[in-house]
Amino acid sequence: AKSAGGNRFELADPEADARAITRHGLTTALPTALDRGEFFIEYQPLVHLGDGGVRGAEALVRWLHPQHGVLGPDRFIPLAEHTGLIVPLGRWVLEQSVRQARDWRERHADAGPMRINVNLSPCQLTHPGLVQDTVEILERAGVDPDALCLEVTESALIGADDDLLKPLRRLAEMGVDIALDDFGTGYSNLANLRRLPVSVLKLDRSFTQSMQQFPADPVDLKIVEGIVSLAHSLNLAVTVEGVETGAQAEQLRILGCDTAQGWYYARPGPPERLHELALVDATG
Ligand code: C2E
Ligand code: CA
Ligand code: CA
Ligand code: CA
């Protein structure tokens with residue numbers, strides 16, 4: 001509610017025309033970008049709020065565009081969804097990420113089982129090859145399904161019927177974790193959670209932002225407290241995103257959140273960075 005009306009100034013924005021032109025350029029370059037090897041993945045650690053240990057990482061895709069430099073996913077994922085490229089691109093991200101997970105598990109067996117979180121777009125959810133592709137990718141890499149967590153946004157699952165949930169159920173039965181991403185932004189019916197094959201709630205960054213002030217808004221505190229206790233009573237783990245300060249981390253830890261992600265711990269970075277963090281973690 002705090003950032004409502006964020007795009008009200010869109011029309012008066014002098015950069016809007018420039019953005020439209022860029023968007024057109026991106027649309028023509030996107031279909032071949034995968035073949036040209038222009039995408040790469042950054043990994044952002046997921047940290048346990050209780051002991052500070054690194055438990056895994058979220059894979060976040062970037063596009064190294066020959067003219068525009070590094071573009072964030074918000075610039076091209078909507079285009080990729082529109083053009084259908086998201087299916088092969090998503091498969092590529094999954095394959096790379098799963099291999100990365102195997103690498104970490106081999107190199108840092110003593111740091112505990114690392115898990116990799118991969119974002120799924122709604123188009124991938126409805127694509128008939130999802131379960132088969134995922135199984136093959138895991139098998140080819142020799143990675144246990146429990147090393148993988150697929151993140152699906154709350155909005156993609158609002159009002160989801162059984163056909164949409166079936167592939168997610170299959171994956172969950174195999175041991176793949178399903179996380180409900182950006183939770184708290186979609187006004188979904190909380191009672192509906194029981195129906196969904198999810199095991200993790202990822203609390204949206206807007207909640208973390210409301211923990212900025214000290215003391216935090218008592219109503220926000222109550223809301224987060226309520227979500228955490230509901231989640232735990234349904235056996236769901238709670239991850240918070242966008243943690244930028246130690247005060248936020250502490251507040252969210254006290255509220256009972258399990259895992260955190262954000263610039264306070266590390267920005268998204270190359271896989272080598274995660275190797276370093278895992279080493280620090282293992283040696284104390
Ligand atoms: P998301 O899944 O909500 O990912 C978290 C976003 O928050 C990432 O933005 C991350 O860089 C950013 N972030 C992390 N820590 C902080 C922090 O402390 N403060 C702030 N202000 N931001 C933080 P990014 O990398 O730009 O990704 C944006 C969105 O693009 C993601 O949001 C996700 O929905 C989508 N995305 C990224 N990679 C993929 C992918 O491989 N496939 C699909 N379908 N979507 C992807
Ligand atoms: Ca995510
Ligand atoms: Ca998120
Ligand atoms: Ca988000």
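Because only heavy atoms are used, hydrogens play no part in the values below, and waters and symmetry mates are left out as well, while side chains stay in. In what follows, residues are counted from 1 in the order of the sequence shown. Indexing begins at 1, ligand by ligand and atom by atom, following the structure's order.
At a heavy-atom distance under 4.0 Å, only side-chain atoms of D182, from C-beta outward, approach ligand 1. The proximity of E241 to ligand 1, defined as any non-hydrogen pair under 4.0 Å, is limited to the side chain. The side chain of V93, and not its backbone, has at least one atom closer than 4.0 Å to an atom of ligand 1 (non-hydrogen atoms only; side chain from C-beta on). When non-hydrogen atoms are compared, ligand 1 lies under 4.0 Å from the side chain of R205 (C-beta onward) but not from its backbone. Within the 4.0 Å heavy-atom criterion, the part of R62 lying near ligand 1 is the side chain and not the backbone.
Against a heavy-atom cut-off of under 4.0 Å, Q44 is close to the following atoms of ligand 1: 14 (C), 15 (N). Heavy-atom proximity to P268, at under 4.0 Å, picks out these atoms of ligand 1: 11 (O). Contact atoms of ligand 1 toward V243: 18 (O) (distance under 4.0 Å to a heavy atom of the residue). Applying the 4.0 Å criterion to heavy atoms of V61 picks out, from ligand 1, the atoms 38 (N), 39 (C), 40 (C), 41 (O). Using a 4.0 Å cut-off to heavy atoms of S121, the atoms of ligand 1 that qualify are 44 (N). The contact set between ligand 1 and E58, taken as ligand atoms under 4.0 Å from a residue heavy atom, comprises 2 (O), 4 (O).
In the hydrophobic cluster analysis, where Ile, Leu, Val, Met, Phe, Trp and Tyr join through side-chain heavy atoms closer than 4.5 angstrom, F207 is grouped apart from L46.
Every ring pair (Phe, Tyr, Trp, His ring centres under 6.0 Å) that F39 has, sequence neighbours left out, goes to W63, F76.
With respect to the salt-bridge test (charged N to carboxylate O, under 4.0 angstrom), the residues R99 and E95 qualify. Salt-bridge annotation for E244 and R267: absent, with no side-chain N of the basic residue lying under 4.0 Å from a carboxylate O of the acidic one. Ion pair R169/D162 flagged as a salt bridge, since at least one NZ, NE, NH1 or NH2 atom sits closer than 4.0 Å to an Asp/Glu carboxylate oxygen.
In terms of polar-atom proximity, D181 is counted as a contact of ligand 1, with an N or O under 3.5 Å from an N or O of the ligand. Polar contact with ligand 1: present for W263 (N/O pair, distance under 3.5 Å).
Among the atoms of N117, none of the N, O or S atoms falls under 3.0 Å from the Ca ion (ligand 2).
Sparse packing is recorded around CZ of R194, with 12 or fewer heavy atoms of other residues, nucleotides or ligands lying under 6.0 Å away. Within a 6.0 Å radius of CD in E136, more than 12 heavy atoms belonging to other residues, nucleotides or ligands are found.
Listed for the E154 side chain is a donor-acceptor partner under 3.5 Å among the backbone atoms of G184.
Side-chain contact, S199 with D177: a donor N or O sits under 3.5 Å from an acceptor N or O.
Between G242 and ligand 1 there is a heavy-atom distance shorter than 4.0 Å.
Here the N, O or S atom of E151 that is nearest to the Ca ion (ligand 2) is OE1.
Note on residues 253-265: pairs passing salt bridge (Lys or Arg N to Asp or Glu O under 4.0 Å), not counting sequence neighbours, are E250-R253.
For atom 27 (O) of ligand 1, the nearest non-hydrogen atom from the set P73, P122, A59 belongs to P73.
Remark: at the Ca ion (ligand 2), atom OD2 from D181 and atom OE2 from E58 enclose 170°, rounded to the nearest 10 degrees.
Looking at E151, E58, Q261 one by one, the single match for side chain to side chain donor-acceptor pair (under 3.5 Å) with N117 turns out to be E151.
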